[in-house]
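Please read the structure below before turning to the comments.
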Number of protein chains: 2
Amino acid sequence: MFNNTDKSYPIELVADFLGVNSRTLYYYERFSLVCPARRGRKRYYSKQDISWLEYIRELMYDQGMNLRSIIVLIKRRDNVILTRCPEDVVNSFKNYLMKMDDYF
Amino acid sequence: MFNNTDKSYPIELVADFLGVNSRTLYYYERFSLVCPARRGRKRYYSKQDISWLEYIRELMYDQGMNLRSIIVLIKRRDNVILTRCPEDVVNSFKNYLMKMDDYF
DNA sequence: AATAATTTTTCACTTAAAGTGAAATTAAAT
DNA sequence: ATTTAATTTCACTTTAAGTGAAAAATTATT
């Protein structure tokens, strides 16, 4: 139907699919952990975004990582992360205005 | 002076060396993350205990892991862990009375 | 033995990360 | 213009990790 990088799924659907609150997705977005497309003001996520978000949950709940350490891996361009992390997320960390630092 | 597994260092010295509060070491002990010897009621730690504790701190602060996930790795007998984790700690997880579960 | 000193234990507290509920705001649709 | 729906804001909750201080227990000293 949609290809992997087509930003087509609205936030409620994604939240529902992942079993998380949509506020959690807004929360992740503050750290640029995911970069949905905006059409109008609505957010749309790709399949890749969704599996990346699933991977984040796995890292957190199975591997016991926290958001900060996931961000560190993205900044480091760690291989484990890069195979899964959408390009737009990686790019959002190019400007070394470090996302997390505003909030912590 | 002492070999690697000699339990010879008292808690205050270890806490001091690691830059943590001694209460933190008691806290880790509740989860069997470290098993000091007791002579009288005093605790004594080995060199291996100390470098294992250092590794725990590294996992937590550099790798962003949490105590629960470190415990999961010990239970899994994960290779990364087993090379560092003292035998008595590994053994303390043999009885599958899972340490963490009483408290969480 | 009595007292002092030290270690351990307990209890309740602090801090920070992660997440969330609900109202207010803003934009889009009718 | 009014309704509808997504977003934003604010303050709150929850949990993990850690800690301060007093109480209890043990060991050492006089």
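The shown structure was predicted, so the numbers you read here are calculated from the model rather than taken from an experiment. Reminder, nothing fancy here: chain letters follow the sequence lines and each chain counts from 1.
- Put simply, CD on E12(B) is 11 Å from P on dT6(C), counting in whole angstrom units.
- Heavy-atom distances under 4.0 Å link DNA chain C to R57(A), M60(A), Y61(A), N66(A) of residues 50-66 of chain A, given in residue order.
- Residues meeting the side chain to side chain contact (heavy atoms under 4.5 Å, CB included) test with R41(B), sequence neighbours left out: R38(B).
- With sequence neighbours excluded, the residues forming a side-chain hydrogen bond (donor to acceptor under 3.5 Å, both in side chains) with S22(A) are E12(A), listed by chain and number.
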Can you check nucleotides 24-30 of chain D for protein contacts, nitrogen or oxygen pairs under 3.5 Å, and list what you find?
none

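- Every residue meeting the side-chain hydrogen bond (donor to acceptor under 3.5 Å, both in side chains) condition with N3(A), not counting sequence neighbours, appears here in chain and number order: T5(A).
- Computed from coordinates, the L67(A) CG to dT15(D) P distance equals 17 Å when rounded to whole Å.
- You'll find that the side chain of R68(B) is closest to dA16(D), out of dA16(D), dT7(D), dA17(D).
- A close approach under 4.0 Å does not occur between any side-chain nitrogen or oxygen of R30(A) and OP1 or OP2 of dG19(C).
- In this structure, the side-chain hydrogen bond (donor to acceptor under 3.5 Å, both in side chains) partners of Y28(B), at least two apart in sequence or on a different chain, are R57(B).
- Within the 4.0 Å cut-off from OP1 or OP2 of dA6(D), not a single side-chain nitrogen or oxygen of R43(A) is found.
- Judged by distance alone, with hydrogens and angles left aside, R23(A) brings no side-chain donor or acceptor close enough to the base of dT7(D) to form a pair under 3.5 Å.
- Considering only side-chain N and O atoms, Y27(B) lies nowhere under 4.0 angstrom from the phosphate OP1 or OP2 of dT19(D).
- Listed candidates were dA16(D), dT8(C), dT19(D). Nearest to the side chain of T24(B) is dT19(D).
- Every residue two or more places apart in sequence or in another chain was checked for a side chain to side chain contact (heavy atoms under 4.5 Å, CB included) with D16(B), and none qualifies.
- Of the two residues contacting DNA chain C, namely I11(B) and V20(A), the nearest-nucleotide position lying further toward the 5' end is that of I11(B).
- Between Y28(B) and the phosphate of dG18(D), there is a side-chain N or O to OP1/OP2 separation shorter than 4.0 Å.
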- [ ] Begin with the C-alpha distance, continue with both residues' side-chain angles, and end with the deciding distance and a verdict on side chain to side chain donor-acceptor pair (under 3.5 Å) for T24(B) and N21(B).
- [x] CA-CA 5 Å; T24(B) 301; N21(B) 194 300; 5.2 Å; no
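- The side chain of Y26(B) lies closest to dT8(C) when the candidates are dG21(C), dT7(D), dT8(C).
- Within the structure, the side chain to side chain donor-acceptor pair (under 3.5 Å) test picks out the following pairs touching residues 78-89 of chain A (sequence neighbours left out): K7(A)-D88(A).
- For E58(A), there are no side-chain hydrogen bond (donor to acceptor under 3.5 Å, both in side chains) partners at least two apart in sequence or on another chain.
- Taking atom CG on L25(A) and atom P on dA6(D), their separation rounds to 14 Å, with Å as the unit.
- Of the possible donor and acceptor atoms, one in the side chain of R77(A) sits under 3.5 Å from a partner among the backbone N and O of K75(A).
- Taking atom CG of N21(B) as the reference point, atom P of dT14(C) lies 16 Å away to the nearest angstrom.
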